[in-house]
Every structure is written in C-alpha cells, then in structure tokens.
Amino acid sequence: MSNTILQPGTLELYALDALPADERVNTVLNLEYNTEARQELQNIESALEQFAAAQSRNPPPAVRARVMSEIKAKVEGHTPQSAAKTASRSLSLAIFTLAAATFIAVLSAVALFYKWNDEHTNNDALRKENDKLAAMIDKETEKRQAGDELLNTLKSNDAATFGAVAANGEIKGRLYWNRTDNQAVFVSFEPTGQLIASISGSNKKSEINIAPNGNLPQFYKFSLPEGTESLRLAGVHDASDTFGEVSIILQQKKIMPKRNLSNEPPLPKTGL
Amino acid sequence: MPRKKLPDIDEKDLVAWLRTGEHEAFGTLYDQYSAAIYGVVFRIIQSDAAAEDILQESFVKIWRSFAQYDESKGRLFTWMLNIARNLAIDHYRSLNRNPTQNQTVTFDVDMVDVEHNCSFNPNVIGLRELVNALKPDQIEIIEHLYYRGLTHTEAAEEINIPLGTVKTRLHSALKSLRMFFREKEKNNIL
C-alpha cells in the first residue's frame, strides 16, 4: 500500500481499537478520503474476523435466553430481569452462600480479633489501588471522548473545509471550520512546518500559531471569536529534509451549505 | 480441533434489518456471532461463568448502542468484537488490579474445553495450526494488543521495543494471518 501518511500498523491498531485519540482522529479522516486505506482496513478486519472465528466456542443456550429476555424487558420499559442472569445457578448458589456465610462469620470473628490492624492497612492499600485504576480508566475515557468530540466537529454537516495545498499541488493539511459552535480544526498530514491562522471579522483581526513548539500537531483545535468572517492560513511546510521548505498556497475558504464528502474530489494518494 | 467459521451472511442486509429494531434481527445477530465473541472473551477471562456474564453484557451493550454504529468506520463484527473485548479486558483488569502486570494470556491452544467446542464443521481450522503460522514475536504482539488490550505505548514499554516496532510487528502479524487465511481459502479448507 503506497500510503505515506498512515504508517504500517496504524490501520491494524485502529481495527483493534488500540489507537490513541489523536491518531484515531487522523486515521478516520484518512479513511474518509482514501479508498486504498478503506480497502486495506476491510482486509485487516476480515483477517481479524477469521482469527476470532478460529477461536469459536459455543456459549450455553441459557445465555441467549438471558440476553433476549433482558432486551425484551428494556424494550417494554420494565426493570431488566437481571435475576435471570444467574437463574440457572441461583439455587445452588443460595445454599452455598448460606453455608459459606455461616462459616465465614465464625472465622471472621476470630480473625478480626487478631488481625484488625493488618486488615485495616490492607484495605487502605486496596482502596488506593482501586482509586488508581479508576483514575486510569477515567483518563482513558476522557481521551476517547475528546477524540469523539473532535470527530463530531470535523464531520459536522455545518463544517466548511478547505485543503492547504503545497506548491507541488499536494494537499498537506485540511482546515475545518464548524460555524455552529465556532470551532476550527487544522489536520496536518505532515508533521513538520510552521503555520499561522489569521482570523478576521467585525473589524478585528487576530492570529493563532498552529505550531507553537515548531512542529505541526496531527490536529489542532481552536475556538474562533464571535463574528468571525474569514479564516486564512499562511506558513511553510517542510516536506522532507531533501526538499526543504515548501510554501503553502492559500485557497479561498469554501463555504458549503451542507457538506457532502462524496462530492469532494479525492485527495492525491501521496498526500492522503 | 473443530471450529465454526463466521456465517456468510451479507452484513449490509443484517445491519439494515437490525436498524428496523426487530427483536428477531437481534436474535439472528446473536446466533451468528456469539460463538466467535464468546471464544475471544473466554480466552481473555479464562472463566466460563464470567465469560457468560460478559457475553450477555456485551450483547446488551451492542443492542443499546447500535444506533451509534457507523458502517463507514468499520465492519459490524469488528465493532461488536471490540465492545466485547473492552468489557472483558476491563473485567480482567479489575480482578488483577495492575493492567500492565505481566500475565500469560490466552494463546494456549490446549486449554479449550471439549464440551464447549462447536459441532464439527469440515470448513474449519485449528487454532494450533493458526498459531504455528505466526512467529513468536508476532504471537507476543497479538497477545499484548488483542488479548490484554494494552495500548501500543504500553506494549512498547512491556516488550521493551520502540513504538514503531510495535506497529511494524503488528502489521507483519496481520499480514501473516491474511496470507494464512488466503492459502486456506485457496485450498478450500476454510
């Protein structure tokens, strides 16, 4: 696959839902325009499906009944019959639980007397570890939500978009302007370069440096002030050490009443 | 070791049917994919009772969030499998507390319980044969990313290789799998 943007392995990680949020966004955007990448993803997913199928194992029939019953209950607006989840095990479980509870109560009374301090310490340690795990999960969830929000901005029907075209005609990045929530996102298809966004409207002008630390991020989201009328990009792009600086030719912002990606021309293979 | 392959049903038709909200459509979805999903979940959790609960939770979640499924972002089964894998991995991590702790996971081809195997189907393939088609470093990367749900950064740290190598190894592992399945299809074994 001759794709200079998606590294080998990126689509595989995407299929496994193992990409960090920023790379996931970039990959989704690539897939949107790049038919070759879409075909490659299909092939990868097909292999992963066959891989899963090779591990097939029939679940007990009772699970199907529980699933369908829970769904039916939800559809009918009843409380899910979660009791059904363990129905087949409930009787033996109840007997076992009663016996175990009695036994544990006796043991606990003795153990509690001698080991209260140790248990207290262990519980604290366990609680700390659980808190740490919960924080880790929350962080991952936040990252994913941030990625999803970004995607929603980019894929909004109200988003205007234009490509940042280099001197050789290749598109080096794409700017999205979601006019509903006044958010703009620049997606870079190459990591190096300098880019300034000029914002003007209502007799006010401002500039935003999209590469504050000297490198273009894969995507850069920024808010636009109320009343923004135009958005321009200016900068240089290092395509590689060999080619040095490549100037970006600015294109006029295209406001589309409603985005229809299928009508957009496909981007060059080497660019996306 | 007999295994069932995924059914040859047009996914588009199934998705369209599911979008009607018909109860029966979801039953068909379950019948078609539950064995493959259960197999993967079991390999992650390695407990029947917990795997059954996760399978149930997965299908309820799939049903609840089906409106969010977007065909343009990937295939239905991949989407479903990722929901189930994530639930299974979360469950596994909650039991083991340390998500990156070194564990031997799921590629043990001998651990399959005969009682739960799918009925014999000549169009099937053994997991052992499949594992034999992969190199040890490819198996390792699949274990970390597929079964343990590590991010590629975590996998790089765990195996002590650069991030880029994680990607290239995964790429080559999937390439080997694709070649393996293509050969099998050619020989009409799958």
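Heavy-atom basis, side chains included; hydrogens, waters and symmetry copies ignored. A, B, ... follow the sequence lines: proteins, then strands. Residue 1 opens every chain.
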[atom2] on [Y] to [atom1] on [X], rounded to 0.5 Å:
X: B:Leu55; Y: A:Arg64; atom1: CG; atom2: CZ; answer: 12.0 Å
X: A:Asp17; Y: B:Ile83; atom1: CG; atom2: CD1; answer: 9.5 Å
X: A:Gln7; Y: B:Leu163; atom1: CD; atom2: CG; answer: 9.0 Å
X: A:Leu19; Y: B:His152; atom1: CG; atom2: NE2; answer: 6.5 Å
X: A:Gln50; Y: B:Phe180; atom1: CD; atom2: CZ; answer: 9.5 Å
X: B:Ser34; Y: A:Arg57; atom1: OG; atom2: CZ; answer: 13.0 Å

Do you know which two heavy atoms are closest between [X] and [Y], and how far apart they sit?
X: A:Ala15; Y: B:Asn82; answer: O-ND2, 3.0 Å
X: B:Leu174; Y: A:Ala47; answer: CD1-CB, 4.2 Å
X: A:Ala18; Y: B:Leu150; answer: CB-O, 4.4 Å

Between A:Glu49 and B:Glu11, does a side-chain contact (heavy atoms from CB on, under 4.5 Å) hold up when you go through it step by step?
-> CA-CA 13 Å; A:Glu49 285 179 15; B:Glu11 196 175 287; 4.3 Å; yes
Do [X] and [Y] touch side chain to side chain, with heavy atoms closer than 4.5 Å?
X: A:Ile71; Y: B:Arg64; value: no
X: A:Pro59; Y: B:Tyr30; value: yes
X: A:Met68; Y: B:Glu24; value: no
X: A:Leu16; Y: B:Leu170; value: yes
X: A:Arg66; Y: B:Asp53; value: yes
X: A:Pro60; Y: B:Tyr38; value: yes

Do NZ/NE/NH1/NH2 and the carboxylate oxygens of B:Lys167 and A:Glu23 come within less than 4.0 Å?
-> yes
Would B:Arg178 and A:Glu40 pass as an ion pair if we require N to O under 4.0 Å?
-> yes
Mark yes or no for whether A:Glu45, through its side chain, and B:Arg75, through its backbone, hold a donor-acceptor pair below 3.5 Å.
-> yes
Are the side chain of A:Arg38 and the backbone of B:Lys73 linked by a donor-acceptor contact shorter than 3.5 Å?
->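 Side chain of A:Arg38 to backbone of B:Lys73: no pair is present.
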With B:Glu22 via salt bridge (Lys or Arg N to Asp or Glu O under 4.0 Å) - residues at least two apart |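 Here no residue qualifies.
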Hey, would you say the A:Phe51 and B:Phe181 ring centroids sit under 6.0 Å apart?
->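 Distance test on ring centres: not under 6.0 Å, no.
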So which part of A:Thr27 gets closer than 4.5 Å to some heavy atom of chain B, the side chain, the backbone, both or neither?
->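 Neither part; nothing is under 4.5 Å.
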Under 4.5 Å from any heavy atom of chain B - which part of A:Leu41 =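 The answer is the side chain of A:Leu41.
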Pairs involving residues 77-88 of chain B, ordered by first then second residue, that meet salt bridge (charged side-chain N to carboxylate O under 4.0 Å, His left out) (sequence neighbours left out) |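 Qualifying pairs: none.
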Go through B:Trp79, B:Phe26, B:Tyr146 and name the one with the most non-hydrogen pairs under 4.5 angstrom from chain A.
->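 Top count of heavy-atom pairs under 4.5 Å with chain A: B:Tyr146.
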